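Data first, discussion second: the structure below is written as structure tokens.
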Amino acid sequence: MRILIVEDEPDLLDALKKQLQSSGYSVDGCGNGLDAEDYLKMATYDAVVLDIMLPGIDGLTLLKKMRAEGNTTHVLLLTALDSIENKVNGLDAGADDYLVKPFAYDELLARLRVLLRRHSGQTTNVLEYGGLVMDLNSRTVTRDGTEITLSSKEFAVLEYLLRNPGRVLSRDKIENHVWNYDFEGGSNVVDVYIRYLRKKIDTGFNKKLLHTIRGAGYVLREEK
Ligand code: CA
């Protein structure tokens, strides 16, 4: 597994590189957003640990550029700014996860393992409902044969819904299932991802599958 760390505090960059290398990862590191762009063009990474406040271009701008260019590499954002708004901005920009400084290395390693586990080691199951087909092995989704490209979090939310068709799932349930750490109550992260998903799986189709049940949550259901 190859990881790029982008962090402009030299001591932290050094420490992160050593930690990740000793955990068996292949690691590149740089301290400038523009250098990071070059690294991303030169190599394919399994994950990027990306600081937000950077010289050159900042982490959020770089992340948005990556996603706009179709780069789906897992990105774990690092930031000193601990607020719901910042988390949502990061997730909106296409981040897969978010870690607030200061953090414990063990937590970073655990979060990376979660990201990378989703990346591989799937079972060969196929989930189907209402014309949606999710292949957990190839991590592809189609609706009526049309391929739908999802981020890893969108995929995880949809996988959970597909495992529970017709069942109303609360925000908390979805959040706890997909984000298996404390993401702070009151965050609208689930709503954000449901909005993304709805756009991707229902737009352009006559029958809507993803429904909001006011005050209760969300359900994947074929309307009569
Ligand atoms: Ca910084």
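Heavy atoms only: backbone and side chains are in, while hydrogens, waters and symmetry mates are out. Index from 1, following the sequence. Both ligands and their constituent atoms are indexed starting at 1 by order of listing. Just so it is clear, the structure is predicted and the values come from calculations on it, not from any experiment.
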**Report entry** Residue and atom, protein N/O/S, under 3.0 Å of the Ca ion (ligand 1)
**Finding:**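 Correct list: Asp8 OD1, Asp51 OD2, Met53 O.
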Query raised in the report: So which of His211, Lys208, Arg143 actually passes side chain to side chain donor-acceptor pair (under 3.5 Å) with Asp202?
Result: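 Looking at His211, Lys208, Arg143, the match for Asp202 under the side chain to side chain donor-acceptor pair (under 3.5 Å) is Arg143.
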Requested in this report: Return the set of residues passing ring-ring contact (aromatic ring centres under 6.0 Å, His included) with Tyr129 (not counting sequence neighbours), or none when no residue passes.
Outcome: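 For Tyr129 there are no ring-ring contact (aromatic ring centres under 6.0 Å, His included) partners, ignoring immediate neighbours.
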Query - hydrophobic_cluster_shared for Ile201 and Val192, side chain cutoff 4.5 Å - result: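 The answer is yes; both residues are in one hydrophobic cluster.
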Report task. Following the transitive rule for hydrophobic clusters with a side-chain heavy-atom cut-off under 4.5 Å over Ile, Leu, Val, Met, Phe, Trp and Tyr, establish whether Val219 and Tyr196 coincide in one cluster. Result ->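 They do not share one cluster, since no chain of ILVMFWY contacts under 4.5 Å joins Val219 to Tyr196.
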Query raised in the report: Do Asn71 and Thr73 have side-chain N/O donor and acceptor atoms under 3.5 Å apart?
Result: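 Distance-only check passes for Asn71 and Thr73.
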Query raised in the report: If you count the non-hydrogen atoms of other residues, nucleotides and ligands that lie under 6.0 Å from NZ in Lys199, is the total more than 12?
Result: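 Atom NZ in Lys199 is not packed in, count stays at 12 or less.
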